[in-house]
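To start, the structure under review is shown below, and the notes come after it.
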Amino acid sequence: MFCTAIASPVMPDAATLLLLLAAPHQLWRHAGAFAIGIAVGFLGGLFGKGGSAVATPLMSLIGFPGYVAVASPLPATIPGTLVASAEYWHAHLLDWQVVWWSVAWGVPATIAGALLSKITGAKLLLILTALLVLGFGISFLFRPTAVSEPAGGGEGDSESRPRFWHLRLVTVAVGVGLISGLLANSGGFLLAPSYARFLRQPIKKAFACSLAVSAVLAVPGTLVHWYLGHIPWGVTGLIALGSVPCSYLGARLAIRTLPARLERWYGLALTTLGIVFLVDIFR
C-alpha cells in the first residue's frame, strides 16, 4: 500500500499549479504595496498631499492592473491624511476658511469628476496635470516665496488675502475637485501648490489646508469607485498600514523645518513627480 502511494502520487490540477507558481509573485507585489504606503505616507505628511497620485504609477510599475493601481490608493490615503492634518492643526497652521470653502465647492466637483471618469478619456488630462505639476515644481525651485508663519495664525489674516480671493479659492476648489474625481486621487498634489501660488498662503499653511481638504475630497471619489467595483480592499489595507504612521512622521518633520528649505524640497519633489508622470504616460 505504502509503495503504491509513493508510486502513484496525486498530481495537482492545472489551476493549483498556476496558484503555486503565482504565489511568490503575489507576495512580492503585496509587499510592494505596503512599501509604497510607507513612501507615500511620509511624503504626503511632509508635503501636504494625500499620496494617491504618487502611488498610482508606482502600483502600475510593480504589476498591479489598471483600475487596481488607480483606485486602491485613494481610500488608503484617508486615515494617513487625517493623522498628518491633525499634527498641522495642533501647530495652529490650519486656515479653516480656506478648508470649508474648498470642501463646499470641491466635493460636488469631485463627485461629478468621478462619474465622468466612466465615459471620458483621461490621457489629455493626465498630460496637462503632469505639465502643471512640473511647472509648479520649477517655480518653487527657482522662485521660492517662503515667509515665516505666525505662531498662532491658524485662521488666516483676512487683510493679507489677495484680490478676488473668494473667486480664486472657488476656481481652485472646483478645478482640483474635477481632476480628483476623474483621476481617482485626493487632489493634494495640486491643492497645496495652488494655495501657495494662487492664494499666496505660506507654505506650511498651504500644506495644512491641502491635507484637510484632501481627506474630505477622497471620500466621494472612494464611494463612487467602490460602487463601480474598482477598489480591491485587501490591497488598499496594505497601503494604509504603511502610510498612517509615516504620515505622522512626515508632518512632524515639515512643521519643524524652515519654510525656505521646505519650499526647495517641495519644488524638487514636484519637479520629480511631474517628470515621472510624463514618463509614465508616454512609456
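If you're wondering where the values come from, they're calculated on a predicted model, not measured in any experiment.
Residue pairs meeting the ring-ring contact (aromatic ring centres under 6.0 Å, His included) criterion with at least one partner in residues 234-261, sequence neighbours excluded, are absent.
Pairing each heavy atom of Ala208 with each of Leu93, the nearest pair is CB-O, 3.5 Å. Residues Thr272 and Leu268 approach most closely at OG1-O, 2.8 Å, considering heavy atoms. Pairing each heavy atom of Gly45 with each of Leu211, the nearest pair is O-CD1, 4.4 Å. Of all heavy-atom pairs between Leu167 and Thr171, the closest is O-OG1, 2.8 Å. Ala33 and Ile62 get closest at one heavy-atom pair: N-CD1, 3.9 Å. Shortest non-hydrogen contact noted between Ala192 and Ser210 is N-OG, 3.6 Å.
Linking ILVMFWY side-chain heavy atoms closer than 4.5 Å, directly or via other members, places Leu241 and Phe64 in two distinct hydrophobic clusters. Cluster annotation: Phe198 and Val103 are assigned to the same hydrophobic cluster (Ile/Leu/Val/Met/Phe/Trp/Tyr, side-chain heavy-atom contacts under 4.5 Å, transitive). A continuous path of Ile, Leu, Val, Met, Phe, Trp and Tyr side chains, each step under 4.5 Å between heavy atoms, connects Leu249 with Ile36, placing both in one hydrophobic cluster. Hydrophobic clustering of Ile, Leu, Val, Met, Phe, Trp and Tyr side chains at less than 4.5 Å, counting indirect connections, keeps Val213 apart from Ile78. Val219 and Val176 are assigned to two separate hydrophobic clusters, defined by single-linkage of ILVMFWY side chains at heavy-atom distances under 4.5 Å.
A donor-acceptor pair under 3.5 Å is formed between the side chain of Ser139 and the backbone N or O of Phe136. Between the side chain of Lys204 and the main chain of Ile255, a donor-acceptor pair closer than 3.5 Å is present. Without hydrogens or angle criteria, Ser247 side chain to Gly41 main chain gives a donor-acceptor distance under 3.5 Å. Thr236 contributes a side-chain N or O that, together with a main-chain N or O of Ser72, makes up a donor-acceptor pair within less than 3.5 Å.
Between Trp101 and Val170 there is a side-chain heavy-atom pair separated by less than 4.5 Å. Using a 4.5 Å heavy-atom cutoff, the side chains of Phe140 and Arg197 are in contact. In this structure, Pro75 and Ile231 have side chains that are in contact, with non-hydrogen atoms separated by less than 4.5 Å. Considering only heavy atoms from C-beta on, Val244 stays 4.5 Å or farther from Leu82 through its side chain. Put simply, the side chain of Tyr195 reaches to within 4.5 Å of the side chain of Leu169, judged on heavy atoms. Under the 4.5 Å side-chain criterion, counting only non-hydrogen atoms from C-beta, Glu263 is not in contact with Leu141.
Note on ring orientation: taking the six-membered ring where Trp is involved, the planes of Trp100 and Trp96 are parallel (angle under 30°, cut-offs 30° and 60°).
One distance of note links CZ of Arg29 with CG of Leu238; it measures 11.5 Å at 0.5 Å rounding. Taken to the nearest 0.5 Å, the CG atom of Leu270 stands 10.5 Å off from the CD1 atom of Ile138. For the atom pair CZ (Arg168) and OG (Ser194), the distance works out to 12.0 Å, reported to the nearest 0.5 Å. Put simply, CD1 on Ile203 and CG on Leu262 are 6.0 Å apart, with the number rounded to the nearest 0.5 Å. Rounding to the nearest 0.5 angstrom, the gap separating the CG atom in Leu190 from the CG atom in Leu132 is 5.5 Å. Residue Leu131 holds its CG atom at 5.5 Å from CG of Leu278, rounded to the nearest 0.5 Å.
Counting heavy atoms of neighbouring residues, nucleotides and ligands inside a 6.0 Å radius, atom CH2 of Trp233 exceeds 12 of them. Within a 6.0 Å sphere centred on CH2 of Trp89, other residues, nucleotides and ligands contribute 12 heavy atoms or fewer. Annotation for Trp265: atom CH2 counts as buried by contact number, over 12 foreign heavy atoms lying within 6.0 Å.
Taking the six-membered ring where the residue is Trp, the centroids of Phe207 and Tyr266 are separated by under 6.0 Å.
Taking the centre and axis of the six-membered ring of Phe142, the NZ or CZ atom of Arg264 falls outside the cone set by 45° and 6.0 Å.
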> Passes side-chain contact (heavy atoms from CB on, under 4.5 Å), Ser214 versus Leu191? Steps please.
Replying inline: CA-CA 8 Å; Ser214 293; Leu191 278 174; 3.8 Å; yes
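Of the candidates Gln97, His166, Gln201, Arg161 forms a side-chain hydrogen bond (donor to acceptor under 3.5 Å, both in side chains) with just one, namely Gln97.
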